[in-house]
Number of protein chains: 2
Amino acid sequence: MKKVTIQDIAKELNISFSTVARALNDHPAISEATKKLVRKTAQRLNYRQNKLASSLRSGHSNTIGIMVPSLDVSFFSSVVHGIEKIMNENGYSILLYQSNESYESEKKGIETFLNSRVAGIIASVAKETQTHEHFAEIQRRRIPLLFFDRALEALQVPSVTIDDYKGGFLATEHLIRQGYKRIVHITAGQTIGIFKERLRGYVNALKLYDLPVDKNLILYGDFSLDFGRQCVKELYQNNIPFDAVFALEDFTAMGALQQLLDYKVHVPEEVGVIGFANESFGALVTPGLSSIDQQTVHMGEAAAELFLKMLRSEDLYNNLPERIVLAPHLIARASTARRDNSKFSRQYPQESEGEQLI
Amino acid sequence: MKKVTIQDIAKELNISFSTVARALNDHPAISEATKKLVRKTAQRLNYRQNKLASSLRSGHSNTIGIMVPSLDVSFFSSVVHGIEKIMNENGYSILLYQSNESYESEKKGIETFLNSRVAGIIASVAKETQTHEHFAEIQRRRIPLLFFDRALEALQVPSVTIDDYKGGFLATEHLIRQGYKRIVHITAGQTIGIFKERLRGYVNALKLYDLPVDKNLILYGDFSLDFGRQCVKELYQNNIPFDAVFALEDFTAMGALQQLLDYKVHVPEEVGVIGFANESFGALVTPGLSSIDQQTVHMGEAAAELFLKMLRSEDLYNNLPERIVLAPHLIARASTARRDNSKFSRQYPQESEGEQLI
DNA sequence: TTGAAAGCGCTAACAA
DNA sequence: TTGTTAGCGCTTTCAA
C-alpha cells in the first residue's frame with residue numbers, strides 16, 4: 001500500500017495541495033463543496049494525516065507524557081486509567097513511561113518525552129529520586145508539568161496529592177474512638193514525605209486525645225506483607241503490649257492481621273487493625289480490613305482537569321502553582337469494629353464512606 | 001529558552017550541520033575528536049534531538065501502540081507493565097490507548113496510532129468488537145500487529161493467549177479429584193470465546209471422569225461479585241444440590257464464597273470453590289481462594305519478545321503467524337482443600353504451583 | 001475562495 | 001573525514 005499524502009489527493013482533484021490541507025483541517029475559507037470533495041477523495045484513497053509532519057511544522061503536539069513508578073501498583077494504574085480517559089476525550093494521546101522507582105530510568109523517560117516534543121508531562125516521582133534537575137529542565141522549556149501523589153515540594157509545580165497528614169490522623173483517631181489505647185504505627189524507614197506526614201498525623205491524634213506517644217510503638221522498616229507479620233512477631237517477642245496496629249499501607253496491615261490471627265488473637269476485640277490505600281482486597285478478607293481511601297478516581301480526574309487548564313493557559317509560569325490536596329476518607333470495616341463510637345464528636349466532616357461492615 | 005537545533009551547534013563550531021548530525025548519531029566516518037566536540041557543545045547548549053523530524057525524514061519510528069480494554073483491570077495493567085518494561089529496554093516508547101471495551105473507541109485509537117506512524121501495534125480486543133476491518137487495515141499497511149489474551153481468530157495475526165480450555169479443564173479436574181461430584185459452573189451469557197472455552201473444559205473434564213453433565217448446574221449471566229452471590233442463593237432457593245462451584249473468574253467465585261459463608265456452609269468441607277485469574281486477593285481471603293493463574297508476567301514477556309521478533313523481520317506477512325498459547329496453572333488453596341488427592345494420577349505436568357494452603 | 005512558496009529539523013545520497 | 005543538497009509531509013504567510 002503506497003503512502004498517500006495530501007499531494008496525491010490534490011493531483012486527483014486538480015487543485016493545489018494547500019487547499020486540500022485546509023479542507024481537511026476544516027478551514028473556514030474553503031467552500032463546502034471542495035471540502036466535501038476532498039474528504040470523499042481522502043477516504044477513497046485511504047489517506048491518513050501524518051502527525052509527525054504536522055506537529056513538526058506547527059510546533060504543536062497533542063501527545064502528553066505520563067510517568068509513573070509502576071503500573072503493577074493498582075493505585076497508579078487506576079490513576080493512569082482515569083487520566084488517559086479524560087485526556088483522550090480532549091483529543092490527547094498518552095506516551096507512557098514507568099520509572100520502576102529508579103532515578104536513572106525516570107531521567108531517561110523525561111528525555112524521551114522531551115525528544116518526542118510532548119505538549120506536557122504528568123508525573124509521580126520515583127522513590128529513589130533525590131535531585132530535581134531533570135524536572136526543572138521541563139519547566140525551563142516552558143512545558144506544562146504536573147505532579148500527582150508524589151510531588152517534589154522544592155519545585156514550583158502544580159500538583160494533586162492527598163492530605164496524608166489527615167489520613168494518618170483519621171486512622172489514629174478512629175482507633176482511639178473505638179477504644180484502642182496502645183496503638184502501634186508501622187512506617188517507612190526511608191524519609192519519604194507522604195509517610196512522614198502519616199506519622200505526624202498519628203502523633204498529633206494521640207496528643208489531641210491525651211494519649212502518650214510511645215517510641216516503642218513506632219516501628220520503622222520496609223513495607224510489605226512480610227514486614228507486617230514480622231512487626232507483630234517482634235512486639236510479642238519483646239513483650240510490648242499493644243491493642244491496635246495502624247500500618248502505612250494495606251499489605252503491611254494485612255500481614256499484621258494474618259500474624260495476629262495465626263496467634264489466635266481476636267480481631268477486632270483484642271487488637272484492631274487499620275491500613276492505608278483501600279486496596280480492593282480489604283473488602284474481601286475476613287475480617288474486612290479498615291483503611292484510608294486515597295480518592296484514586298478523584299485524583300485522576302482532578303489531575304487531568306488541572307492539566308487541561310495548564311495546557312490552555314499562556315502565562316503558565318507566571319502565577320503561583322495550584323496545589324490541589326484531596327481529603328482522604330476513612331473506610332471503617334470489621335477489623336476495627338470494637339464497639340459503638342457514637343459518644344464521640346466528629347472531627348472532620350466526612351468521616352466514613354458509610355461502608356457496610358463485613 | 002530558545003529551541004536549539006543541530007544548526008546552532010554547527011554554527012558554534014563552524015562545521016556543517018550534517019557533520020553534527022552524523023557525530024550525534026555516532027556515524028563511523030566521523031573522527032573521535034569532532035564527535036567529542038559536538039557532544040560537548042550539544043550538552044552545553046542543552047540540545048535535544050527532535051524525534052518528530054528524524055522520524056518524518058527517516059520513515060522509522062520507535063513508538064509502538066498498545067491498546068487494552070482498561071487499565072483498571074489488574075490483568076491488563078499487569079501485562080502492560082511487562083510489555084512496557086521490555087519494549088523500553090529495547091529502545092521503544094509506548095503510546096497507550098484504552099478502548100473501554102467500546103468498538104468505536106478502539107477504532108479511533110487505531111486511527112491515532114496510524115496517524116502517529118507507530119512502528120507496530122499490540123492489542124487486546126474490546127468485548128464489543130464484532131468486525132475486524134480496523135485491524136485488517138493495520139496489516140494492509142504492513143505494520144506489525146500482535147494480539148494478546150483476546151485475539152480475532154479470523155485474522156492471520158500472531159498472538160499470545162492462554163489455553164482457556166485447559167484452564168477450565170484443570171479447575172474442574174481439581175475439584176473432581178478433591179472428591180466433589182456436583183460441580184456448578186458459572187459462565188458468561190454472552191458468547192465470548194475465552195469463556196466458551198472454559199465451559200468446554202468443564203464439560204470435558206466431567207465426561208472424562210464419568211460424571212454427568214447437568215444443565216441445571218451451568219449458570220449463565222453477567223460476571224461480578226454480586227452475580228456470584230445470586231447464583232448461590234438461587235441454587236438453594238431452587239433446591240438444586242451441589243458440592244462445588246467453578247466460576248469463570250475470581251470476583252464471581254468470591255461472591256459465591258461469601259454467600260456460602262453467610263449461609264453457614266462449610267468451605268471447603270461441604271462445598272468447594274474455585275475461580276479463574278488468580279487475582280491477588282485470592283491469597284489474602286479466608287479461606288484462601290483456589291484459582292487458575294493466567295501467567296500474566298509470562299504473557300507480557302512473551303508478547304514483547306514475539307513482537308520484537310516481528311519488528312526485526314522483513315518478510316513479516318509471508319509466513320504463517322506465530323500463535324503462542326500459554327499453559328494456565330492451577331493454584332490450589334484452602335477453598336478446595338477437602339482431602340488428600342494423592343491417589344489420582346496426574347493429567348497435566350504442572351498441576352500446582354505448590355502454593356501453601358492458607 | 002484558492003494557489004504559490006517557504007520551511008519545521010532532520011536523514012541520507014552524492015560529492016569532494 | 002566532511003560538506004552540499006534534496007527532500008520527508010505538512011502548516012502558514014502572502015498574494016491573487
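In the text below, chain A, chain B and the rest are named by the order of the sequence lines, each starting its count at 1. Please read all numbers here as calculations on a predicted model, not as lab measurements.
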Inset, instruction - Take atom CZ of A:F17 and atom C1' of D:dG9, then tell me their distance rounded to the nearest Å. - result: 9 Å
Legend entry - Test: B:E104 and B:K108 ion pair at under 4.0 Å: no
Legend entry - Interatomic distance, B:L24 CG vs C:dT11 P [rounded to whole Å]: 8 Å
Inset, instruction - Mind checking side chain to side chain donor-acceptor pair (under 3.5 Å) for A:S55 and listing every partner two or more places apart, or none if nothing turns up? - result: none
Inset, instruction - Sort and list the pairs that fulfil ring-ring contact (aromatic ring centres under 6.0 Å, His included) and have at least one residue in residues 106-139 of chain A, not counting sequence neighbours. - result: A:Y103-A:H134, A:F135-A:F147
Legend entry - A:S31 and A:T34 side chains, donor-acceptor separation under 3.5 Å: yes
Legend entry - Residue pair A:L71 / A:L96, side-chain heavy-atom distance below 4.5 Å: yes
Inset, instruction - Report the C-alpha separation of A:E137 and A:R141 in whole Å, then their side-chain angles, then the decisive distance to 0.1 Å, and conclude whether the salt bridge (charged side-chain N to carboxylate O under 4.0 Å, His left out) test is met. - result: CA-CA 6 Å; A:E137 194 189 336; A:R141 288 174 188 267; 2.9 Å; yes
Inset, instruction - Considering just the side-chain nitrogens and oxygens of A:T19, establish if one lies under 4.0 Å of OP1 or OP2 belonging to C:dG3. - result: yes
Legend entry - SB check B:E12 B:R44 (cutoff 4.0 Å): yes
Legend entry - More than 12 heavy atoms from other groups under 6.0 Å of NZ on B:K85: no
Legend entry - B:K11 NZ to D:dG3 P, straight-line distance once rounded to whole Å: 15 Å
Inset, instruction - Give a yes-or-no answer on whether the side chains of B:S99 and B:S102 include a donor-acceptor pair shorter than 3.5 Å. - result: no
Legend entry - Between D:dC8 (P) and A:K3 (NZ): distance, integer Å: 11 Å
Inset, instruction - Can you tell me the distance, in whole Å, between the CG atom of B:N25 and the C1' atom of D:dT1? - result: 16 Å
Inset, instruction - Could you state the atom-to-atom distance from CG of B:L37 to P of D:dT1 in whole Å? - result: 16 Å
Inset, instruction - Please list residues of residues 108-120 of chain A whose heavy atoms come under 4.0 Å from any atom in DNA chain C, ordered by number; otherwise none. - result: none
Inset, instruction - With a 4.0 Å heavy-atom cut-off, tell me which residues in residues 47-59 of chain B come close to DNA chain C, sorted by residue number. - result: B:Y47, B:Q49, B:N50, B:A53, B:S54, B:R57, B:S58
Legend entry - Gap between atoms CD and C1', on A:Q7 and C:dA4 respectively (whole Å): 12 Å
Inset, instruction - Compare side-chain N and O positions of A:T5 against OP1 and OP2 of D:dG9 and report whether any pair is under 4.0 Å apart. - result: no
Legend entry - Side-chain heavy atoms of B:P144 within contact of B:F307, under 4.5 Å: yes
Legend entry - Divergence of helical axes at both termini of the helix from C:dT1-D:dA16 to C:dA16-D:dT1 - five pairs an end, 10° steps: 30°
Dump every N/O contact between nucleotides 13-16 of chain C and the protein below 3.5 Å, one line per pair.
from	atom 1	to	atom 2	distance (Å)
C:dA13	N6	B:R22	NH2	2.7

Inset, instruction - Send over the distance from B:I30 CD1 to D:dG3 P, rounded to a whole Å. - result: 8 Å
Inset, instruction - State, yes or no, whether a side-chain contact exists between B:N88 and A:Y97 at a heavy-atom distance under 4.5 Å. - result: yes
Legend entry - Any side-chain donor near an acceptor of the partner, A:S16 and A:T19, under 3.5 Å: yes
Inset, instruction - Please tell me if the side chains of B:E128 and B:E106 come closer than 4.5 Å, counting only heavy atoms from C-beta onward. - result: no
Legend entry - Nucleotide nearest A:A29 when distance is taken to its side chain, options D:dT11, D:dT1, C:dT2: C:dT2
Legend entry - Distance-only donor-acceptor check, side chains B:D8 and B:Y47, under 3.5 Å: no
